[in-house]
**Student:** 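The structure that follows is given in the form of structure tokens.
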Amino acid sequence: MPAARESLLDAAYTALARRPWAGVRMVDVAASAGVSRQTLYNEFGSKDGLARALVRREADGYLAGVERALSGPSDPRERLTATAEWMMSAAHDNVLVRALLTGCWNERLPAPALSAVPSSSGVPAQRRADGPLPSPGDFVTLVRDRAVAVLNGGGPLAPPAAVELARSCELAVRLALSCVAAPPAEGGVADLVRTALPRRLAA
């Protein structure tokens with residue numbers, strides 16, 4: 001991602017932390033990023049385009065974090081536990097990730113439509129942002145399927161083992177999402193996931 005675009009997205013995120021999205025002004029975002037307002041409009045087209053790009057970046061960052069968590073400990077149960085903990089942490093630390101995972105957008109946040117919007121942008125990253133944004137259900141599927149692929153190691157699994165692995169991965173993801181909406185007591189999501197998963201997972 002070009003440096004100017006990334007700086008503008010950083011500036012927009014910082015501005016959102018200080019005031020509702022309706023109060024975030026394009027001129028202030030450009031000034032904070034140290035670029036002209038024309039550069040901002042060239043990159044995003046409009047404030048709505050900036051909102052879509054910001055939400056897309058946070059979704060991508062969340063999924064990159066999932067990848068890192070899945071590449072952690074060798075034990076499959078611990079990988080799923082680490083992934084569930086990452087999901088909770090990311091949602092706690094980032095209001096846009098929390099909104100994406102729960103579908104609960106409030107008046108302080110940009111709330112772009114999840115469906116694709118017409119795009120005439122010449123900027124590839126903006127054309128991608130103008131495409132569909134993931135729903136909470138999409139995140140369940142994306143994280144579950146990625147977890148299955150990583151834990152399976154790319155090799156074929158017999159049907160019973162494949163079904164059990166997919167079920168365990170989805171269970172960990174859904175437990176983490178439920179903890180985003182209603183944070184657990186002492187022990188947190190890790191205890192819930194470890195208790196819910198079978199002792200041995202196919203990997």
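What you see below is based on every heavy atom in this structure, not just the backbone, and it leaves out hydrogens, waters and symmetry mates.
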**Student:** Is it the case that the side chain of R77 and the backbone of P198 share a donor-acceptor pair, with hydrogens and angles ignored and the cut-off at 3.5 Å?
**Tutor:** yes

**Student:** Which heavy atom of A11 sits nearest to which heavy atom of V29, and what is that distance?
**Tutor:** CB-O, 3.6 Å

**Student:** Do any pairs count as a ring pair (Phe, Tyr, Trp, His ring centres under 6.0 Å) and have a residue in residues 121-140, sequence neighbours left out, and if so which ones?
**Tutor:** Y62-F139

**Student:** Quick check: do V55 and W105 have side-chain heavy atoms less than 4.5 Å from each other?
**Tutor:**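 The answer is yes; the side chains approach within 4.5 Å.
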
**Student:** Is a side-chain N or O of R37 found less than 3.5 angstrom from the main chain of V27, in a donor-acceptor match?
**Tutor:**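 No, because the side chain of R37 does not come within donor-acceptor range (under 3.5 Å) of the backbone of V27.
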
**Student:** Do E170 and R167 meet the salt-bridge criterion of a basic N to acidic O distance under 4.0 Å?
**Tutor:** no

**Student:** Answer whether the closest heavy-atom distance between the side chains of L96 and P110 falls below 4.5 Å.
**Tutor:** yes

**Student:** Backbone N or O of E164 within a donor-acceptor pair of the S168 side chain at under 3.5 Å?
**Tutor:** yes

**Student:** Any chance CZ of R174 has more than 12 other-residue heavy atoms, nucleotides or ligands included, within less than 6.0 Å?
**Tutor:** no

**Student:** Distance only, no hydrogens: is a donor on one side chain within 3.5 Å (strictly under) of an acceptor on the other, for D138 and S135?
**Tutor:**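 There is such a pair between these side chains.
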
**Student:** Flag the pair D28 and R18 as a salt bridge only when some basic side-chain nitrogen lies within less than 4.0 angstrom of an acidic carboxylate oxygen.
**Tutor:**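 Result for this pair is no, no salt bridge flagged.
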
**Student:** Evaluate the side-chain proximity of W21 to L16: yes if any heavy-atom separation is below 4.5 Å, no if none is.
**Tutor:** yes

**Student:** Looking at every heavy atom in both V95 and Y13, which two are closest together, and how far apart are they?
**Tutor:** N-OH, 4.1 Å

**Student:** Hey, does R25 have a side-chain heavy atom less than 4.5 Å from the side chain of K47?
**Tutor:** no

**Student:** Can you find a heavy atom in the side chain of V148 that is under 4.5 Å from one in the side chain of C169?
**Tutor:**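 Sidechains of C169 and V148: in contact.
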
**Student:** Quick one: does L50's side chain get under 4.5 Å of L9's, heavy atoms only?
**Tutor:**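 Contact flag for L50/L9 side chains = yes.
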
**Student:** Is the closest side-chain heavy-atom distance between P112 and L133 below 4.5 Å?
**Tutor:** yes

**Student:** Taking the side chain as C-beta and beyond, is there a heavy-atom pair between T102 and P136 under 4.5 Å?
**Tutor:**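 No, too far: nothing below the 4.5 Å cut-off.
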
**Student:** Identify the residue among E43, R52, R5 that makes a side-chain hydrogen bond (donor to acceptor under 3.5 Å, both in side chains) with Q126.
**Tutor:**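 When side-chain hydrogen bond (donor to acceptor under 3.5 Å, both in side chains) is applied between Q126 and each of E43, R52, R5, only R5 qualifies.
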
**Student:** Does a salt bridge link D60 with R56, judged by any charged N lying under 4.0 Å from a carboxylate O?
**Tutor:**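 Between R56 and D60 there is a salt bridge, with a charged N closer than 4.0 Å to a carboxylate O.
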
**Student:** Look at the side-chain heavy atoms of Ile, Leu, Val, Met, Phe, Trp and Tyr, link any pair under 4.5 Å apart, and say whether M26 and V123 land in one connected group.
**Tutor:**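 Different hydrophobic clusters.
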
